[in-house]
Amino acid sequence: MSARLMQGNEAVAEGALKAGVRFFGGYPITPSTEIAEGMAKLLPKVGGTFIQMEDEIASMGVVLGASLAGRKVLTASSGPGISLKQELIGYAAAAEIPVVIVNVQRVGPSTGQPTAPSQSDVMQARWGTHGDHSIIAISPWSVREAFDLAVDAVNLAERFRTPVILLMDEIVGHLRERVELPESIEIYERRKPKSTRAEGYQPYKPDEDLVPNIANFGEGFHIHVTGLIHDETGFPVGSPKVTEESIRRLHEKIDRAGDEIIKVEESFMDDAEFAVVSFGGTARTAYEAVAEARNRGIKIGMVRLITIFPFADKILNDLASRVKGILVAELNYGQVVNEVRRAVNGKCPVKLCAKYNMQIFEPEEILKAIEDLAANQDQTYTVHSTGFEKVKDPEEVENTGGDD
Amino acid sequence: MVERSYEKFFRQNRLPHLWCPGCGNGIAMKAIVQAIEKIPELNQDNTVIVSGIGCSSRASGYMDFDTLHTAHGRAIPFATGIKLANPKLNVIVITGDGDCTAIGGNHFIHGCRRNIDLTVVLFNNNIYGMTGGQASPMTPLGKKATTAPYGSIDRPFNACHLAEAAGATYVARSTAYHVQHLVTMITGGIKNHGFSFIEAMVQCPTAYGRKNKMTDPAKMLEWMKDTAQMKNVWDKNPTDEKFPIGVLYQSTAGEIDYSSAYEKVIEMAGGI
Amino acid sequence: MRKQLRLSGSGGQGVITAAIIFAEAAVSEGFDAVQSQSYGPEARGGASKSEVIIDDGKIFHPHVHCPDVVLAMTQKAADKYFSDLSSDGILLLDSDLVPNVPDVSNVVRIPITRLAVEKLGKSLFANIVALGALAHLTNLVDFDAVKKAVAHRVPSHTIDQNMQALQIGWDAVEDFYNYEEKIAG
């Protein structure tokens, strides 16, 4: 396929469609609206369905209904809308309904700065809905990757019967850039029941990989779906044993598949003594900063998180054994940095380069933080529009020199 | 022996139900399956029951179809998704007065507005029963609830008026006393190609009755018998002392239902 | 080889569309290109800015730093967006709409909107006139590729007028430099 200029949000719509999405329910919100507009135009062309709902909660409800009836489904929103969707994201996790939710992140909290970029919904993606549950969240750094991860998100949702958050940011969502889309992609088709009703089919009885084979509505299985804790029959039970097993399975079906799900991309890491960890649109700037730092003789590399959740605990723990220090660059007050610190568990210092003033990082801002990290200064950095402010690291992470 | 052919529509292993002795929900649930039984096109494989949260919404678990017990207030959006994804399915929504007109109120009016082909049966017991008797938007003025201990001052919704005004193409009301009439009202709703709304008044002797000196379910049913009037009778002398039952509104304008309208969109887009 | 452009004006003047078309033309010529934008809360009338980076290598950081060319279609945009122009960068102004010329060594003043109105009857074509001028000033993307990109984007019944608009912009740059030379000579 030839190269063309494409917008990130447009690429999400194209990717989802290629992956087999045939139903979109949504509500207009900046900066994600182009995804809904794209789907409104494209879906009926392939016999799919677009519907604009009365609110964000209804948008989640309608796609979950369509998913239960057998369609691959997508919804898209941004911070305030994602907050409203949380109720039924939890329902999808509990009732194991495949669904992809795109969040094109903007500045919050609340209405915040509607048109400005941010990466401040990371922990919301993980813990936004109430109750114990696992989740998959993936974050693209380019328009091409927005296409690829839209495909991955749909496949992962179907494969693991779980909500998947495609964690975009306004940087990538509204960016237009040159892309060449793949000629063909791999598509995962939802698995089917392996027994009949007469044979005692149980919709929530999991396979060995802990994922159940739930029939679609209208296939004659007479299944029951509920947000109440249920046993393998799908019906609610008040049993402590079933409750424990059910909650554990919801976690383990995703956590055990970490090797299959988790993707990171390393650059300049072969002989690196330091590493920048970044993700999404910010990683584009971090990459330039790292490349320039290399020019200046600093042995630094970059680890880009493509999968945000489940978090790359093992990869980062291993990384901490290889480097003397890690700098996390993120467009928020500091969210992923705490996940990195948890994963690294004191093996090496973890510093933060944060920015939350509506503007994306400039390469020299991250470069300055890299230089200070390499000079082994034990500080946390927050970049403001007015300049560079150093804040004493609240955690006082002790430098163990990576020899742990 | 009386034929009980409707029993096949229930999941016998899920019964008995959890409703209180004397509750009217079972009557309304049975009326729904009897309506389904009356229409030859409907069967257990092509009919989906969708419910919200509350006493009424537990009905879905007892009915032997594909059934969906959604979140509080959200039955209509889920049902909309099912219907649009597979228009061949007959989708029946069971909801309550709190579920449909409070937390789900926005979805209710927009379902009506779209004229999506759903049959929504509201079990109106005038109270939040599952949580122990709090006031709902359909608790009558002056009636008591745990959250209206001095009597409700909130003016109640007339859900049938709301449905009609919002664009529903079939609106009916009946009661747990008028069982055969209720079956007929639901049958009419299922047959309507568009958004059908049926308010089924049901007695709640436990949460509503106890607070309002009506603990005897038989007396509550008698009150329904005495207070309900067939619409054509009530229309001649409309009074607040009585309430009308029957088909309160049926569109004759031939509005297109949402799924059929979307098929035209697919056609215009050149889709398959 | 990298070129960085910033196109600015007020909402409704079409600077974002012009930027997208220019980036599309660059992509069709085999370059990597990124285009980003920011606009005020109003879809029309607010401040509007779009940036394009074109490179023969891969582009990562998507924001323009020290642009090679800044287009300003309003006084407000000119005042706001010229300051980080590269030392040999060019400031392209709508000469009627930007009466107070910022203190920059390379300024190209063209009555962009007036040309669109006088020669094509509609201010609507001002952004394409500006695009013709930008294509000349950047001297990177083949002019035919720009023409093709415009033809691809606009409604088919307006292609002829848009082609004229491009040429008007291109010629206006020629005229401007000829005039400057004459004065200098």
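Throughout, protein chains are lettered first and strands after them, A, B, ... in sequence-line order, and every chain is numbered starting at 1. Note that the structure is a prediction, hence the values are computed from the model and not measured.
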Measuring only between side-chain heavy atoms, which start at C-beta, is Val63(A) closer than 4.5 Å to Val100(A)? no

Proximity breakdown for Leu68(B) and chain A, heavy-atom pairs closer than 4.5 Å: both

Quick one: ring pair (Phe, Tyr, Trp, His ring centres under 6.0 Å) partners of Phe147(A), sequence neighbours excluded? none

When only pairs under 4.5 Å are counted, which of Phe50(A), Phe235(A), Phe221(A) shares the most heavy-atom pairs with chain B? Phe235(A)

With chain A as the partner, which of Pro77(B), Ala71(B), Gly271(B) has the greatest number of non-hydrogen pairs under 4.5 Å? Pro77(B)

Between Ile51(A), Leu228(A), Val73(A), Leu68(A), which shows the greatest number of heavy-atom pairs under 4.5 Å with chain B? Ile51(A)

Looking at side-chain heavy atoms only, is the closest gap between Pro206(A) and Val211(A) below 4.5 Å? no

Most heavy-atom pairs under 4.5 Å with chain B, out of Gly227(A), Gly90(A), Gly48(A), belong to Gly48(A)

Interchain contact, Val48(B) with chain A, by part (heavy-atom threshold 4.5 Å): side chain

Tell me, do Ile135(A) and Pro163(A) make a side-chain contact under 4.5 Å, heavy atoms counted? yes

Rounded to the nearest 0.5 Å, how far does CD of Glu245(A) lie from CG of Leu250(A)? 12.0 Å

What about the rings of Phe197(B) and Phe108(B), do their centers lie closer together than 6.0 Å? yes

Under 3.5 Å, which donor-acceptor pairs link chain A to chain B? Give each pair on its own line with the distance.
from: Phe50(A); atom 1: N; to: Tyr262(B); atom 2: OH; distance (Å): 2.9
from: Gln52(A); atom 1: O; to: Arg114(B); atom 2: NH2; distance (Å): 3.4
from: Glu54(A); atom 1: OE1; to: Arg114(B); atom 2: NH1; distance (Å): 3.1
from: Glu54(A); atom 1: OE1; to: Arg114(B); atom 2: NH2; distance (Å): 2.7
from: Glu54(A); atom 1: OE2; to: His107(B); atom 2: ND1; distance (Å): 3.0
from: Asp55(A); atom 1: OD2; to: Asn106(B); atom 2: ND2; distance (Å): 3.2
from: Arg71(A); atom 1: NE; to: Ala85(B); atom 2: O; distance (Å): 3.2
from: Arg71(A); atom 1: NH2; to: Leu84(B); atom 2: O; distance (Å): 3.4
from: Arg71(A); atom 1: NH2; to: Ala85(B); atom 2: O; distance (Å): 3.0
from: Glu87(A); atom 1: OE1; to: Arg74(B); atom 2: NE; distance (Å): 2.7
from: Glu87(A); atom 1: OE2; to: Arg74(B); atom 2: NH2; distance (Å): 3.4
from: Tyr91(A); atom 1: OH; to: His69(B); atom 2: O; distance (Å): 2.6
from: Arg197(A); atom 1: NH2; to: Asp64(B); atom 2: OD2; distance (Å): 3.4
from: Gly218(A); atom 1: N; to: Asp66(B); atom 2: OD2; distance (Å): 2.7
from: His222(A); atom 1: N; to: Asp66(B); atom 2: OD1; distance (Å): 3.0
from: His222(A); atom 1: O; to: Arg11(B); atom 2: NH2; distance (Å): 2.8
from: His222(A); atom 1: ND1; to: Asp64(B); atom 2: O; distance (Å): 3.3
from: His222(A); atom 1: ND1; to: Asp64(B); atom 2: OD1; distance (Å): 3.0
from: His222(A); atom 1: NE2; to: Gln44(B); atom 2: O; distance (Å): 3.2
from: His222(A); atom 1: NE2; to: Asp45(B); atom 2: OD1; distance (Å): 2.6
from: Ile223(A); atom 1: N; to: Asp66(B); atom 2: OD1; distance (Å): 2.8
from: Ile223(A); atom 1: O; to: Arg11(B); atom 2: NH2; distance (Å): 3.4
from: Ile223(A); atom 1: O; to: Thr67(B); atom 2: N; distance (Å): 2.8
from: Ile223(A); atom 1: O; to: Thr67(B); atom 2: OG1; distance (Å): 3.4
from: His224(A); atom 1: ND1; to: Thr67(B); atom 2: OG1; distance (Å): 2.6
from: Val225(A); atom 1: N; to: Thr67(B); atom 2: O; distance (Å): 2.9
from: Val225(A); atom 1: O; to: His69(B); atom 2: N; distance (Å): 2.7
from: Thr226(A); atom 1: OG1; to: His69(B); atom 2: ND1; distance (Å): 2.8

Leading residue by heavy atom contact count with chain B [cutoff under 4.5 Å; candidates Ala66(A), Gly47(A), Ala69(A)]: Ala66(A)

Partner of Ile89(A) under side chain to side chain contact (heavy atoms under 4.5 Å, CB included), picked from Leu64(A), Val99(A), Ile101(A), is Ile101(A)

Ile223(A) versus chain B, heavy atoms under 4.5 Å apart: side chain, backbone, both or neither? both

For the CG atom of Asp121(A) and the CZ atom of Arg126(A), what is their distance to the nearest 0.5 Å? 15.5 Å

Could you measure the distance from the CD1 atom of Ile198(B) to the CD1 atom of Ile190(B)? Nearest 0.5 Å is fine. 7.5 Å

At what distance, to the nearest 0.5 angstrom, does NE2 of His251(A) lie from OG of Ser134(A)? 5.5 Å

